[in-house]
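One is the number of the first residue; the rest follow in order along the sequence. All ligand and atom numbering here is 1-based and tracks the order in the structure.
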Amino acid sequence: MSATREAARGSGNLRRTMLCLAIVGHVAAAACAWMGEWAWALCVLLPAAFVVVHGSLWPHSPLFGPVLRSLPAKERLVWLTFDDGPDDDTDALLDVLDRYRARATFFLVGERAAAQPQRVRALIERGHRIGNHSMTHPAGRFWMLTPAAFERELRSTQDTIAGITGIRPRWFRAVAGLTNPWLDPVIRRNGLRRVSWSGRGFDTVDGDDARVLRRLVRAIRPGAILMLHQGLSPGRSPQLATALLDELAARGYRTVVPEPEDCLDATTSQLLKGVRPQSGVKVAVSPCEDNSAARASRPG
Ligand SMILES: [Zn+2]
């Protein structure tokens with residue numbers, strides 16, 4: 001067995017161990033409370049609850065399922081991603097990406113996609129990829145959805161995007177990066193893989209473009225997954241994209257839009273089905289570069 005497979009298996013064992021400890025901790029705390037040992041109940045419950053809360057709220061936590069946080073690349077390439085679209089700025093954003101010969105993955109909200117199918121088609125026609133970002137974007141309660149609610153959110157988005165473009169997304173980005181134990185089986189059942197990010201500018205909560213850009217630029221490194229948003233004030237996402245693409249071009253970086261199973265050898269594909277708590281989902285980039293990479297270059 002290869003070292004990478006052994007690592008994947010070891011990571012899966014670690015995840016199962018952590019989950020078992022969390023469950024045992026909650027059961028033991030309930031037993032202590034039933035016996036009136038409240039101090040012991042609290043001592044056992046707190047660490048067990050911390051494991052569960054961390055797994056649910058930390059966007060990169062693989063506790064409840066594998067998640068890709070960065071690409072295993074040594075070259076100067078990044079995966080540019082835009083969440084929450086489409087919106088009225090999508091057309092302008094596509095023009096910016098064209099000017100820089102850059103490609104991106106757009107994690108669309110299903111109901112917004114259904115309302116603007118021409119923009120969804122334009123994303124594909126102009127060489128970009130589409131990911132699933134739920135149907136209704138229930139940011140405040142995503143972490144507490146039931147399996148049935150997750151199924152509705154993910155499947156209806158898959159169906160909506162496939163109905164418009166003929167292509168079912170392969171990547172899923174959790175709303176606000178939140179998860180719980182019921183999400184991962186639904187992700188897998190819908191043929192998706194979860195991806196988070198390695199860099200973001202907090203563009204939805206910080207109105208200062210300079211600060212947002214500084215955060216994104218600090219995150220530029222080989223294999224970085226950079227997250228920006230649509231749905232900001234009019235004109236803002238194309239402006240931020242322009243500034244970021246300028247920085248990427250100045251540093252000699254290019255953009256890639258990896259797709260999991262299309263691009264992978266058998267070993268790596270197998271790893272996608274496993275769990276790697278330390279480093280997230282394994283994915284290969286290089287086999288896809290000829291088809292999907294574009295060098296970010298300053299417009300002439
Ligand atoms: Zn979002």
Please tabulate, for the side chains in residues 156-163, all donor-acceptor contacts under 3.5 angstrom to protein atoms that are two or more places apart in sequence or on a different chain.
unit_1	atom_1	unit_2	atom_2	d
S156	OG	R152	O	2.4
T157	OG1	S134	O	3.2
T157	OG1	M135	N	3.0
T157	OG1	E153	O	2.7
Q158	OE1	N132	ND2	3.1
Q158	NE2	P169	O	3.1
Q158	NE2	N190	O	3.2
D159	OD1	R168	NH1	3.3
D159	OD1	R168	NH2	3.0
T160	OG1	S156	O	2.7

- Query: So what's near the Zn ion (ligand 1), protein N, O or S atoms under 2.8 Å?
  - Reply: D84 OD1, H133 NE2, H137 NE2

- If you take all heavy atoms of L183 and A174, which pair is closest and at what distance? CD2-CB, 4.4 Å

- In plain terms, say whether D91 and R119 are close enough for a salt bridge, that is, a side-chain N and a carboxylate O under 4.0 Å apart. yes

- Would you call D95 and R126 a salt bridge, taking side-chain N to carboxylate O under 4.0 Å as the test? yes

- Query: Which residue pairs pass the side-chain hydrogen bond (donor to acceptor under 3.5 Å, both in side chains) test when at least one of the two sits in residues 215-225, sequence neighbours left out?
  - Reply: D206-R215

- Item | Pairing residues for E151 by the salt bridge (Lys or Arg N to Asp or Glu O under 4.0 Å) criterion, not counting sequence neighbours | R155, R189

